[in-house]
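Single-structure report; data block below.
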Amino acid sequence: MDFRVLALSLLLWLVPLWACANEQLDKLTSEVYQYPTKALAQITALEKLQSTQSTDNKNDIDRLRLSLLKCQNLLQLGENEAAINLAQMGEANAKQLKLDQARPYFLNCQADAYLNYDNIKDALPILDSAITLARRYQQPQALIDALRLRGQLDTNTENFSSAIEDLRIAIDIYPDIHTQTQNWVWPPEGYVYAAMGNLLYATEDLPQAMYYAKLALKSADAQGKVRHILLRNAARIALDNGEREYSDQLEKQAKTLLPEIGSPLELAYSYAILASISLDKGKIDTAEEYISIAMNTFKQQKQQVAMMRSTRLLAQVRFAQHRDEAALTLMHSVIEQGETLKQYTDLKWFYGILSDYYHTQDNDKLAYAFLQKRFDAAELANESINNMRILQFKARLNQQGLQQLSADDPQSNPTLLDELNVDWAFSTLFLVSMTLLGGAIWYFIDKQNKHAPSPDTKSKRLAPIQQLELTLHSAKQGAYPLTLLLFNASQIRQVDLPTLIDKLQDKLREQDILLRYSMDEIVIVLPYTSARGAQRVVNQLTPTIQTSQGSSKVNIGIAVMQQFDTLDSLVKRANINQLSKLKVTDTQSDYSPAK
């Protein structure tokens, strides 16, 4: 009796202790992004405490999670090489401990570090693997971070259609971030909104970019370093959106939070961005001061790419100061660095600056020469990105082929008799029984087939939703594009809908599927169709819908399938796309795709 009382008391003591440990690590997750220097001290103290604890499954999870937090903390402090090493060891430990659900988080950390080095070639396949594992083990926290990072990467490489799909899904599933049984680590909500804002800024949709920037600043986790970065980016967007006074306010707030940046390297990046804002505002002396501070750090840290870009910004300062000779010397220096480092995207902008300069000097010959070089650099940049994506796609196909070969290889799969491990007599009896059973099954199947309808007739009797799911599954297996169109038919009379559906069906291909998904929603699935092809189909269908609808405004949502899509998520994204078009056409509405 005494032992049971003691055991119950110990259990009652351990439960709140376990809950307290989880709460402590959850709080530390936010502080890693917001106050990285403070978080590092706590992580170090927890590592010392864990080293004295016994090894069990719960402690293994806590150790892995603390290792993940440290990896993210190193990223926030600019220690990218250390983060890569820790991420590789962490993933290996997760495999060894059979905690595969932790692996995508370490892959995200590793990919993020590679992106900080502008190493897209290594970052892309790692991100794809992280997304695959996050989906397999149902880890929304890892999935959101991987989609955010890939969305930022696609934005930087001007692959906007892919970026907007990733970021919309990340925003859509962020409310589900704590539905998983075990918390690991997750990005601040403000960073996800900011990534969408940067994408819209890159596509020159400045009002919507400003909208997402404000959403990011309103998020609950916008504190410390996170808030500084969000303010810094919002100040840039507000300035280009023509909101000079608001930009000044944001810039002032961002400067007050500079002490929250614990890493000299991260601080240098902030000064470089603030310098570019000051330059565009005409504050030449301030811009020169900030960029000089940044360049000193980049030089000490041997950050070649950052140093090259900062030198370009200093050259623009020299142009603004009318010190053209010094500016040209700096520009030729960064062009030489860009060619050595094969930074074709940067070279594109470098050549553009010189082309614009010589055009203002009425030197059309040199202006045209640098314009041609800019075009060539853009071609090389696109070729480099395409080559990496092709290699990545081939690697996926090769991996799938190896898995299929392994599944088909009889030597790699033990036979049923091997697994049963029975003697010869029982094996013979077992095989005879299986033969008789197989013959009986074949007899009944053959008898039924004589009365069964043909395969074509059976396939036609599949429910419409089943046809859609089968088509979606086939597209994933065949790795071909598929696009879904969604049209709201609430403005059309019910008696006219069958006629409209017949007219629309006549304009579609034989393999396209059209059905009423709900009372007011018509869904069209277009296999082997990209977003551009789907837009052409929308243009063809719009006049027919306008005739039945009696209105000139027709909004059709478009969603391009991705590997992790289900039918529900595809319809949901098409609905979001449709509502976003309504936002564009109705300026009085406060709706946003983020909702």
Side-chain angles (χ1 to χ4, degrees), residues 21-34 36 39-40 42-43 46-47 50 57-77 79-116 122-153 166-167 169-170 173-174 176-192 195 221 226 564:
N22 275 343
E23 290 177 3
Q24 183 181 15
L25 292 177
D26 289 347
K27 183 179 179 181
L28 187 56
T29 299
S30 299
E31 291 184 352
V32 161
Y33 291 95
Q34 297 165 347
L40 179 61
Q42 295 185 47
I43 290 172
L46 286 174
E47 283 180 329
Q50 284 187 353
N57 186 57
K58 177 62 178 66
N59 286 334
D60 287 339
I61 292 175
D62 287 344
R63 285 190 178 89
L64 271 182
R65 188 176 181 190
L66 192 62
S67 181
L68 270 173
L69 291 172
K70 185 175 183 179
C71 192
Q72 284 294 336
N73 189 254
L74 290 171
L75 287 176
Q76 301 307 312
L77 295 173
E79 301 291 339
N80 297 305
E81 194 63 38
I84 291 172
N85 294 332
L86 183 57
Q88 291 173 342
M89 289 189 295
E91 191 199 1
N93 288 336
K95 284 182 180 179
Q96 184 178 7
L97 296 170
K98 296 183 180 180
L99 292 170
D100 290 328
Q101 64 268 32
R103 290 174 56 199
Y105 299 93
F106 286 109
L107 291 176
N108 285 340
C109 184
Q110 188 178 351
D112 199 353
Y114 280 129
L115 288 176
N116 290 336
D122 288 332
L124 260 177
I126 293 175
L127 281 177
D128 284 340
S129 298
I131 289 171
T132 300
L133 291 173
R135 290 178 58 245
R136 180 185 303 167
Y137 298 110
Q138 299 180 356
Q139 298 292 313
Q141 295 173 357
L143 181 59
I144 288 170
D145 202 19
L147 291 173
R148 174 184 71 91
L149 291 172
R150 194 168 71 174
Q152 290 177 169
L153 170 59
D166 283 347
L167 295 176
I169 292 173
I173 65 177
Y174 198 93
D176 301 329
I177 203 166
H178 293 303
T179 57
Q180 58 193 60
T181 55
Q182 170 63 50
N183 284 335
W184 292 98
V185 65
W186 57 91
E189 185 179 24
Y191 279 178
V192 181
D221 46 29
V226 174
F564 49 80

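No experiment lies behind these values; they were computed from the predicted model shown. The figures that follow rest on heavy atoms only: side chains count, while hydrogens, waters and symmetry mates do not.
Residue Y174 comes nearest to I144 through the heavy atom pair CA-CD1, 3.4 Å, listed as atom of the first residue, atom of the second, then distance. Summarising the geometry of V192 relative to A170, their closest heavy-atom pair is CG1-CB, 4.0 Å, with the distance given to 0.1 Å. Taking each heavy atom of A83 and C71 in turn, the nearest pair found is O-SG, 3.4 Å. The heavy-atom pair separating P140 from I177 by the smallest distance is CG-O, 4.4 Å.
Just one of R63, R65, K70 meets the salt bridge (charged side-chain N to carboxylate O under 4.0 Å, His left out) condition when paired with E47; it is K70.
Interatomic distance, I84 CD1 to L74 CG, rounded to the nearest 0.5 Å: 11.0 Å. We find the CG-CZ distance between L124 and R150 to be 8.5 Å, quoted to the nearest 0.5 Å. A distance of 9.5 Å separates OG1 of T181 from CD of Q138, quoted to the nearest 0.5 Å. One distance of note links CG of D166 with CG of L127; it measures 9.5 Å at 0.5 Å rounding. Distance check, rounded to the nearest 0.5 Å: CZ of R135 to CG of L143 gives 8.0 Å. One finds the CH2 atom of W186 at 12.0 Å from the CG atom of D145 (value rounded to the nearest 0.5 Å).
Residues L68 and Q72 fail the side-chain proximity criterion, which asks for heavy atoms closer than 4.5 Å. The side-chain heavy atoms of L66 and L28, taken from C-beta on, include a pair separated by under 4.5 Å. Using a 4.5 Å heavy-atom threshold, the side chains of Y33 and V185 count as touching. The shortest side-chain heavy-atom distance between S67 and N93 does not fall under the 4.5 Å cut-off. Between N183 and L25, the closest side-chain pair of non-hydrogen atoms is not below 4.5 Å.
In terms of the side-chain hydrogen bond (donor to acceptor under 3.5 Å, both in side chains) criterion, Q88 has no residue partners (sequence neighbours excluded). Under the side-chain contact (heavy atoms from CB on, under 4.5 Å) criterion, A142 pairs with P104, Y105, N108, A134, Q139, sequence neighbours left out.
In this structure, N73 contributes its side chain and P36 its backbone to a donor-acceptor pair below 3.5 Å. D221 places a side-chain N or O within donor-acceptor distance of the main-chain N or O of E189, the cut-off being under 3.5 Å. Side chain of Q141 to backbone of W184: a donor-acceptor contact under 3.5 angstrom is found.
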For this session: Carefully, step by step, assess Q24 and L46 under the rule side-chain contact (heavy atoms from CB on, under 4.5 Å).
Result: CA-CA 10 Å; Q24 183 181 15; L46 286 174; 3.7 Å; yes
Residues 95-103, side-chain donor-acceptor partners within the protein, below 3.5 Å, at least two apart:
residue, atom, partner, partner atom, Å
D100, OD2, Y137, OH, 3.4
R103, NE, E91, OE2, 3.4
R103, NH2, E91, OE2, 3.4

